[in-house]
Amino acid sequence: MNIQMMFMQLVKGMGSSIEIFILTLLFALPLGLILSFGRMSHKSLVQVISKFYISVMRGTPLMLQLIVVYFAPYYVFKIQISSGYRFTAVIIAFVLNYAAYFAEIYRAGIESIPVGQYEAAKVLGYSRAQTFVKIILPQVIKRILPPVTNETITLVKDTSLAFVLAEAEMFTIAKQIAARETSIMPLMAAGVFYYVFNLAVAGFMEYLERRLNYYR
């Protein structure tokens, strides 16, 4: 087994995994915030739809969602899909899934803020938007950082599920090399890559927590 070649192939696969990770966070975090507003809405219809969506996304496997997102355009709408749609389907499924989890994290953080702070801001002349952006959101970010960290770490590992759509991320490449070389070493190496990736993510999130720890 050529160790250098194996390493280069895994690095290439890791690049795809990182791309899935970054794009998922980029779109899922804001979408989750919108969903959390819907979940807390005073309009019953909006609240029911948001709650149902979150329930479905959290209650069904991500693997199944990947398959549905990829094949639904053809089987439901009779739209021809190309191989280029594979990566797009992966991102869509990951974003829709993780947005549901982030929505509940946001909701818990927002609802943990005492009502008195909203009332005090109103007395001081703040609008609802100003109250949320300047007073509520900074506190929410600090409170939800630990659960968000847990989800981002889970996301790193979940990127391996892209193999369901034959997307060549690191786990898929490691399996291919292991099968070709009849060796478990590529899988062990992939495990090390995932662990290092998670260490970097956890370290960055810990740094953010320290920066936001303004009570010290």
Side-chain angles (χ1 to χ4, degrees), residues 13-14 16-41 43-112 140 144-175 187 190-191 194 197-198 201-202 205:
M14 190 63 181
S16 180
S17 296
I18 292 173
E19 192 174 1
I20 294 171
F21 174 81
I22 292 174
L23 289 175
T24 299
L25 288 182
L26 184 64
F27 293 106
L29 285 170
L31 179 58
L33 185 60
I34 295 171
L35 281 171
S36 70
F37 290 149
R39 181 76 170 77
M40 296 181 292
S41 174
K43 296 181 180 179
S44 299
L45 181 60
V46 175
Q47 187 180 107
V48 168
I49 292 174
S50 300
K51 188 175 181 179
F52 177 73
Y53 172 84
I54 292 170
S55 176
V56 171
M57 290 295 106
R58 296 173 71 197
T60 56
L62 176 55
M63 185 180 295
L64 175 61
Q65 294 165 19
L66 282 161
I67 295 171
V68 170
V69 170
Y70 184 69
F71 289 105
Y74 177 76
Y75 287 105
V76 178
F77 303 106
K78 302 303 178 184
I79 299 174
Q80 293 294 329
I81 55 178
S82 64
S83 58
Y85 175 64
R86 184 176 290 115
F87 183 77
T88 302
V90 169
I91 300 303
I92 292 173
F94 270 79
V95 168
L96 294 178
N97 178 274
Y98 271 84
Y101 287 93
F102 287 136
E104 287 298 275
I105 292 174
Y106 283 129
R107 183 176 68 87
I110 293 170
E111 291 183 345
S112 71
V140 169
I144 68 173
L145 211 50
V148 167
T149 298
N150 287 337
E151 286 302 317
T152 54
I153 289 174
T154 300
L155 174 59
V156 171
K157 295 178 287 186
D158 277 352
T159 57
S160 63
L161 290 175
F163 84 90
V164 174
L165 301 184
E167 180 62 34
E169 43 69 56
M170 187 173 60
F171 182 66
T172 301
I173 291 175
K175 286 200 305 178
L187 295 175
Y194 280 117
F197 190 6
N198 265 326
V201 170
M205 298 302 282

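Because only heavy atoms are used, hydrogens play no part in the values below, and waters and symmetry mates are left out as well, while side chains stay in.
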Practice task
Would you check if Tyr101 and Thr154 make a side-chain contact, meaning some heavy-atom pair closer than 4.5 Å?
Solution key: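 No, their side chains stay 4.5 Å or more apart.
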Practice task
Using a 4.5 Å cut-off on heavy atoms from C-beta on, say whether the side chain of Phe87 contacts that of Leu23.
Solution key: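 Yes; the side chains approach each other to less than 4.5 Å.
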Side chain to side chain donor-acceptor pair (under 3.5 Å) partners of [X], counting only residues at least two apart:
{"X": "Glu151", "result": "none"}
{"X": "Ser55", "result": "none"}
{"X": "Tyr106", "result": "none"}
{"X": "Tyr194", "result": "Glu169"}

Problem - salt bridge (Lys or Arg N to Asp or Glu O under 4.0 Å) pairs, two or more places apart, involving residues 91-102 - result: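 Counting only pairs at least two positions apart or across chains, no salt bridge (Lys or Arg N to Asp or Glu O under 4.0 Å) contact touches residues 91-102.
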Handout entry: Listed partners of Pro73 passing side chain to side chain contact (heavy atoms under 4.5 Å, CB included), at least two apart
Key = Ile79, Ile81, Tyr85
Exercise for the section: Please identify each residue that fulfils side chain to side chain contact (heavy atoms under 4.5 Å, CB included) with Ala108, with sequence neighbours left out. Expected result: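 Side chain to side chain contact (heavy atoms under 4.5 Å, CB included) check on Ala108 returns nothing, list empty.
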Mind checking the [atom1]-[atom2] spacing from [X] to [Y]? Nearest 0.5 Å is all I need.
{"X": "Thr152", "Y": "Leu145", "atom1": "OG1", "atom2": "CG", "value": "8.5 Å"}
{"X": "Phe52", "Y": "Ile49", "atom1": "CZ", "atom2": "CD1", "value": "10.0 Å"}
{"X": "Thr24", "Y": "Phe102", "atom1": "OG1", "atom2": "CZ", "value": "9.0 Å"}
{"X": "Met57", "Y": "Leu62", "atom1": "CE", "atom2": "CG", "value": "9.5 Å"}
{"X": "Ser16", "Y": "Ile173", "atom1": "OG", "atom2": "CD1", "value": "7.5 Å"}
{"X": "Leu155", "Y": "Asn198", "atom1": "CG", "atom2": "CG", "value": "9.5 Å"}

Exercise for the section: Give the minimum heavy-atom separation between Leu165 and Ala89, together with the two atoms involved. Expected result: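 Where Leu165 meets Ala89 most closely, the heavy atoms are CD1-CB, 4.0 Å.
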Problem - Val69 versus Ala93, closest heavy-atom pair with distance - result: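 Shortest heavy-atom separation between Val69 and Ala93 comes out as CG2-CB, 4.0 Å.
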Practice task
Can you sort out the partners of Arg107 under salt bridge (Lys or Arg N to Asp or Glu O under 4.0 Å), two or more places apart, ordered by chain and number?
Solution key: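 Here the qualifying residues are Glu104, Glu111.
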Distance-only donor-acceptor hits, side chain of residues 156-163, under 3.5 Å, sequence neighbours excluded:
unit_1, atom_1, unit_2, atom_2, d
Asp158, OD2, Tyr98, OH, 2.6
Thr159, OG1, Val156, O, 2.6
Ser160, OG, Lys157, O, 2.7

Problem - Phe21: ring-ring contact (aromatic ring centres under 6.0 Å, His included) partners, not counting sequence neighbours - result: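 Residues passing ring-ring contact (aromatic ring centres under 6.0 Å, His included) with Phe21: Phe197.
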For residues 25-41, run the donor-acceptor check on the side chains, cut-off 3.5 Å, and write out each pair with its distance to 0.1 Å, sequence neighbours left out.
unit_1, atom_1, unit_2, atom_2, d
Ser36, OG, Leu33, O, 2.6
Ser41, OG, Lys43, N, 3.0

Practice task
Sorted by first residue and then second, give each side chain to side chain donor-acceptor pair (under 3.5 Å) pair with at least one member in residues 60-72; sequence neighbours left out.
Solution key: Thr60-Gln65, Gln65-Asn97
